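Since the structure comes first, as structure tokens, the remarks are kept for the end.
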Amino acid sequence: MTATPDVSTAWQAYQRMRVLLNGQISRELGRTTGLSEADYDILFFLEQSAETSVRSVALRCGLAWEKSRLSHQLRRMEQRGLIEKSPGAIIHLTARGREQIAAARDCHEAAVARYFGDVLSADQLAALAAISDRVVARLEEDMPHHGRD
């Protein structure tokens, strides 16, 4: 019978996996598409939005980012032609942004499959999804309301 790891051991294993996995996917994304993880997160959010444009506050809340971080990232992305900002803090995905997210999505999905999906069994994936849902639900209970800062 295998000993059950304590919280500290499990947390350290999770942290190591998270750091290595995010780093590897981020490096592959950057090398293949030239996009950073932050670029990808914003472009993916905009692409998945039901609207053709998104208010920056909705983007900030959806990504759970600080206002200044989002502002700086959007400025850099606008300079590179990936997004456009309109009066009223409305963010639009440009044609170039659409092209970039299409290429990046394929790269991202392949890396996630290679380093995550192909490594875990269906039962392990189901368990991880259930664990993630429980942790997220607890975090959302304790999370302060966004949009106040």
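Only a predicted model underlies this, so the values are computations on that prediction, with no experimental measurement involved.
Inter-residue side-chain proximity for F116 and I25 is flagged as unmet; no heavy-atom pair is nearer than 4.5 Å. Between V54 and I90, every side-chain heavy-atom pair lies at or beyond the 4.5 Å cut-off. Q100 is not listed as a side-chain neighbour of T94, based on a closest heavy-atom distance of 4.5 Å or more.
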- Stepwise side-chain contact (heavy atoms from CB on, under 4.5 Å) check, I42 with I91: CA-CA 10 Å; I42 289 171; I91 312 302; 5.6 Å; no

- Message: Assess the residue pair F44 and H108 against the criterion (side-chain contact (heavy atoms from CB on, under 4.5 Å)); give the C-alpha distance rounded to whole Å, side-chain angles, the decisive distance to 0.1 Å, and a yes or no.
- Response: CA-CA 11 Å; F44 186 79; H108 191 269; over 6 Å; no

- Run the side-chain contact (heavy atoms from CB on, under 4.5 Å) check on Q73 and L63 step by step: do they pass? CA-CA 12 Å; Q73 184 65 35; L63 296 173; over 6 Å; no

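Of the possible polar contacts, one joining the R55 side chain to the G88 backbone as a donor-acceptor pair under 3.5 Å is found. S49 contributes no side-chain N or O that, together with a main-chain N or O of F45, makes up a donor-acceptor pair within less than 3.5 Å.
Here the CG-CG distance, from L128 to D133, works out to 9.5 Å after rounding to the nearest 0.5 Å. Rounding to the nearest 0.5 Å places OG of S53 at 12.0 Å from CD1 of I83. Rounding to the nearest 0.5 Å gives a distance of 8.5 Å between OG1 of T33 and CD1 of I101. Note that NE2 of H92 and CD of E84 are 7.0 Å apart. Values are rounded to the nearest 0.5 Å. L82 CG to R98 CZ: the interatomic distance, rounded to the nearest 0.5 Å, is 12.5 Å.
Nearest heavy atoms, S56 versus L70: O-CD2, 3.4 Å. Across every non-hydrogen atom of R60 and E66, the tightest pair is CD-C, 3.8 Å. Shown here for L125 and L120, the closest heavy-atom pair between the two residues is CD2-CD1, 3.7 Å. Between S36 and L29, the shortest heavy-atom distance links the atoms O-CD2, 4.0 Å.
Listed by chain and number, the residues in a salt bridge (Lys or Arg N to Asp or Glu O under 4.0 Å) with R105 are E47 (sequence neighbours excluded).
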Side-chain donor-acceptor pairs under 3.5 Å in residues 134-141, sequence neighbours left out?
residue, atom, partner, partner atom, Å
R138, NE, D142, OD2, 3.3

Indicate every side-chain donor-acceptor pair of residues 16-24 with a distance under 3.5 Å to a residue at least two apart or in another chain.
residue, atom, partner, partner atom, Å
R18, NE, Q15, OE1, 3.0
R18, NH2, Q15, OE1, 3.4
Q24, OE1, R27, NH2, 3.0
Q24, NE2, E28, OE2, 3.0
Q24, NE2, Y115, OH, 3.3

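A salt bridge does not link D39 with R76: none of the charged nitrogens is closer than 4.0 Å to a carboxylate oxygen.
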